[in-house]
Novice: 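Could you have a look at this structure, given as structure tokens, before my questions?
Below, chains carry the letters A, B, ... as their sequence lines are ordered, and counting in each starts from 1.
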Protein chains: 2
Amino acid sequence: MINEHFKAMLNGKSIIRELSEYATARGQEIGYENVFDFSLGNPSVPTTQDYTDAVIKLHQEENPMALHGYSPSLGNTEVRGIVADSLNRRFGMNYETKHIFMTSGAAGALAHAIRCVTKPGDEVLTFAPYFPEYNPYVNETGAVLKVVPANTTNFQVNFEKFEEMLTDKVAAVLINTPNNPSGAVYSTETIEKMADLMRRKQEEYGHDIFLISDEPYREIIFEGVDAPYVTKYYDNSISCYSFSKSLSLPGERIGYVAVNPKATDADIIAVMCGQISRGIGHNCPSSTVQQAVAKVIDETSDLSVYETNMNLLYDALTRIGFEVVKPGGTFYIFPKALEADANAFSMKAKEYDLILVPADNFGCPGYFRMAYCIDTEKVERAIPVLEKFAREVYGKKF
Amino acid sequence: MINEHFKAMLNGKSIIRELSEYATARGQEIGYENVFDFSLGNPSVPTTQDYTDAVIKLHQEENPMALHGYSPSLGNTEVRGIVADSLNRRFGMNYETKHIFMTSGAAGALAHAIRCVTKPGDEVLTFAPYFPEYNPYVNETGAVLKVVPANTTNFQVNFEKFEEMLTDKVAAVLINTPNNPSGAVYSTETIEKMADLMRRKQEEYGHDIFLISDEPYREIIFEGVDAPYVTKYYDNSISCYSFSKSLSLPGERIGYVAVNPKATDADIIAVMCGQISRGIGHNCPSSTVQQAVAKVIDETSDLSVYETNMNLLYDALTRIGFEVVKPGGTFYIFPKALEADANAFSMKAKEYDLILVPADNFGCPGYFRMAYCIDTEKVERAIPVLEKFAREVYGKKF
């Protein structure tokens, strides 16, 4: 009586994982320093010393029964308050403890938020290019993910298609800014226009349409970029955060849901998340990890390397002749491939030990993603290889 | 468009939580040392010094990017191997790494295991008395929990009712031994008889029936008690474990699924758990917690206080005239109330500042649960209060 639905999911291969596994195997052959692996979005800078010190101090000084005891099902109450205060301080919001629900990273936050505001059969819209894991995150709740085609001019929103697809069936709109894989940051203008349209449609349809904002890259914003705090612009909004990138703690699985205090049922959404947990076995992130991030709530790792790498790559790609939008944040860049079939392009790049992820799975065929969360020295060494590849395979002159 | 199903769950009150909150409030009034709070199953002994030292050492010596990096979606591969080796050494099993899936405690393990071996509409049987959270754990997967009535003679299995309810619709049988709330440990005879019946029914119906064994109390076994390792007795079995009780780490949310290597599809069940994760936002327990428990894999906290407390309470309850089965493990005892309505009994006990949980929600009306994971000194002080209560309210003479 093995569940055939989940068994069938085993056949769905992740191109990112395949390429990453290839890069590891190839690295064992020729030395990993010779493989230009742009496949994985794993932070390449350490967490802060303050975070490490906080964990050690908690283990040295706290009562172990308090430190390792069950945290309440919505998360450690004090930690939730600290998260609310930090958001209020930074973004001029009015969150209270009751609006915060601690989760296992952004994945956990999305799984809960989507279940809160949809019922099976409802549609959830997202925008290409998008993180392919949105498919299971949304579809496994019983809701149905629909993808609005990309605006490839600047990777802001394709409003014409958005309006067309924002039908009465849509219960939620899921956005990711700064965006994986494009690196685009939605501007204030984009967010305002989106909010206006959604308010209009809420009124027209007579039901709530929630805006779920997936924000693991919120702290990785490059110089001079307009990066509005999404939740400020739309009442029915839920912010899903992770400390994975900001504090380089992806393996610790720590994040939160922050419910806009002005949302419909704002006071019960976090409690509903607690109920949802009961059926999915979530039951809070690690109690010590919750307490440790609370000690360094406004800190981030030194994220400057990502901007350095982005500038190097953007300049090189542009010079070589790639069509590419300059990222406003994240550690991704998203150029157009040098032939229509990005998969073929990626296969050819592999011959040069350049590991580039074709973007068909991101809903944007013909493009590819480079994750530049790697050492700057390696980015620098990759550039002549990129040049050689473009010159030899595609006859680029520059 | 708030999800009405999860919203409705908010009305379901937990009697355990209510009583525990009452105990806390009452403690603020009269001093918590004067409230005999037997409501909560929170370990009352600290984790081991070795665990604490392991966490500190990992943070002092490991590369932070490796320590806090994403663990593979099935859990840290080395840790999974260490878990398999430990189970093989201790229980004579033949687990390999591929049979182990790291989870957020036993709750996470059950949420995954049940989804693996059932489809919506299938029945899952469990045995009264049972942990009330099995309702959401099972029913939120789409399967349907059915409860086999208790065998109140010794809290082993009511085989007559079990056979009657083990119809063609049943995809899985969920057991919990040592048992919350009864403290009973299923004997080798019980497990063998259960396995025989299930094998017979598998053959009769021509489909698998999985045995899911929920084992958070596996290491809390009292002297001389026969405590078989369930999975040895039945091929289609999955063991769900948590370190919450053995290492007093309930807040760290760390456990695992161990799939019997002889089960149908044994080689893919852990990988299926990985797929299930994608939809429920699980994505592994904390990477450092995984690595730290692996360093102390065969250790437990000093669990002897639970047996000391059990003996004190069992002797006292018996002397007072309660009908009570002697627990073989856990930190619970499960006497019959002194009147038919255990809720009324519990309300009267509250007047004596005795916090006792009536067992209607555990599928066993007329009984109550005492969680004796508290200081022995407090158990000793509770006994004269229990005596006074039984004498004054129920006219017990002893």
Side-chain angles (χ1 to χ4, degrees), chain A residues 1-3 6-7 9-10 42 44 46-47 52 55-56 59-60 64-65 68-71 103-105 107-108 110-112 115-119 122 133 136-137 140-141 171 207-208 210 248-253 264-265 268 271-272 275-276 278-289, chain B residues 1-3 6-7 9-10 42 44 46-47 52 55-56 59-60 64-65 68-71 103-105 107-108 110-112 115-119 122 133 136-137 140-141 171 207-208 210 248-253 264-265 268 271-272 275-276 278-289:
Chain A
M1 305 274 267
I2 288 286
N3 186 300
F6 295 119
K7 194 170 173 179
M9 284 174 78
L10 300 182
N42 241 332
S44 60
T47 190
T52 301
V55 176
I56 292 173
H59 281 80
Q60 285 170 338
M65 260 111 75
H68 303 301
Y70 282 111
S71 80
T103 66
S104 296
L110 291 169
H112 284 82
R115 279 171 174 79
C116 269
V117 299
T118 64
K119 60 179 192 308
D122 284 349
E133 287 298 293
Y137 293 170
E140 293 298 312
T141 69
H207 65 69
D208 294 327
F210 270 83
S248 293
L249 297 174
E252 300 305 337
R253 314 308 307 139
T264 303
D265 285 325
I268 63 162
V271 200
M272 281 176 65
Q275 293 299 322
I276 291 167
R278 297 170 70 197
I280 66 181
H282 157 70
N283 291 81
C284 294
S286 151
S287 54
T288 59
V289 174
Chain B
M1 305 272 267
I2 287 286
N3 185 299
F6 296 118
K7 194 171 175 179
M9 284 173 78
L10 299 182
N42 240 330
S44 60
T47 190
T52 301
V55 177
I56 292 173
H59 282 80
Q60 285 170 337
M65 260 111 76
H68 302 301
Y70 282 112
S71 80
T103 65
S104 297
L110 291 169
H112 284 82
R115 279 171 174 79
C116 269
V117 300
T118 64
K119 59 179 190 311
D122 285 349
E133 285 299 292
Y137 293 169
E140 293 298 312
T141 70
H207 65 68
D208 294 326
F210 270 82
S248 293
L249 297 173
E252 301 304 337
R253 312 310 306 137
T264 303
D265 285 324
I268 62 163
V271 200
M272 281 176 64
Q275 294 299 322
I276 291 167
R278 297 168 71 197
I280 65 181
H282 157 70
N283 291 80
C284 294
S286 151
S287 53
T288 58
V289 174

Novice: Do B:Thr47 and A:His59 have side-chain heavy atoms sitting under 4.5 Å apart?
Specialist: no
Novice: I need the minimum non-hydrogen distance between B:Lys7 and A:Met272, along with the two atoms involved.
Specialist: N-CE, 3.8 Å
Novice: Which distance, rounded to the nearest 0.5 Å, do you find between the OG of A:Ser71 and the CZ of B:Arg253?
Specialist: 8.5 Å
Novice: At a heavy-atom separation under 4.5 Å, does B:Val55 approach chain A through its side chain, its backbone, both, or neither?
Specialist: side chain
Novice: Side chain, backbone, both or neither: which part of A:Gln275 has a heavy atom under 4.5 Å from chain B?
Specialist: both
Novice: Just give me the residue among A:Ala111, A:Ser286, A:Pro64, A:Gly105 that pairs up with chain B most often, heavy atom to heavy atom, under 4.5 Å.
Specialist: A:Ser286
Novice: Once side chain to side chain contact (heavy atoms under 4.5 Å, CB included) is applied, do any residues pair with A:Glu140, and if so which ones, sequence neighbours excluded?
Specialist: A:His5, A:Phe6, A:Met9, A:Pro136
Novice: With chain B, which of A:Thr141, A:Asp265, A:Val289 has the greatest number of heavy-atom pairs at distances under 4.5 Å?
Specialist: A:Asp265
Novice: Can you tell which part of B:Thr288 gets under 4.5 Å to a heavy atom of chain A, answering side chain, backbone, both or neither?
Specialist: both
Novice: Would you give the length of the straight line joining atom CG of B:Asn42 to atom NE2 of A:His68, rounded to the nearest 0.5 angstrom?
Specialist: 13.0 Å
Novice: Please classify the contact between A:Leu110 and chain B as side chain, backbone, both or neither, with a heavy-atom cut-off of under 4.5 Å.
Specialist: neither
Novice: Compare all side-chain heavy atoms of B:Ile2 with those of A:Lys119 and state whether any distance is below 4.5 angstrom.
Specialist: no
Novice: I'd like to know if the side chain of A:Asn3 and the backbone of B:Thr118 have a donor-acceptor N/O pair within less than 3.5 Å.
Specialist: yes
Novice: Pick one of side chain, backbone, both or neither for B:Ile276, based on which atoms fall under 4.5 Å of a heavy atom in chain A.
Specialist: both
Novice: So for B:Ser44, is it side chain, backbone, both, or neither that comes closer than 4.5 Å to the heavy atoms of chain A?
Specialist: backbone
Novice: Between B:Ser287 and A:Glu252, does a side chain to side chain contact (heavy atoms under 4.5 Å, CB included) hold up when you go through it step by step?
Specialist: CA-CA 5 Å; B:Ser287 53; A:Glu252 300 305 337; 3.2 Å; yes
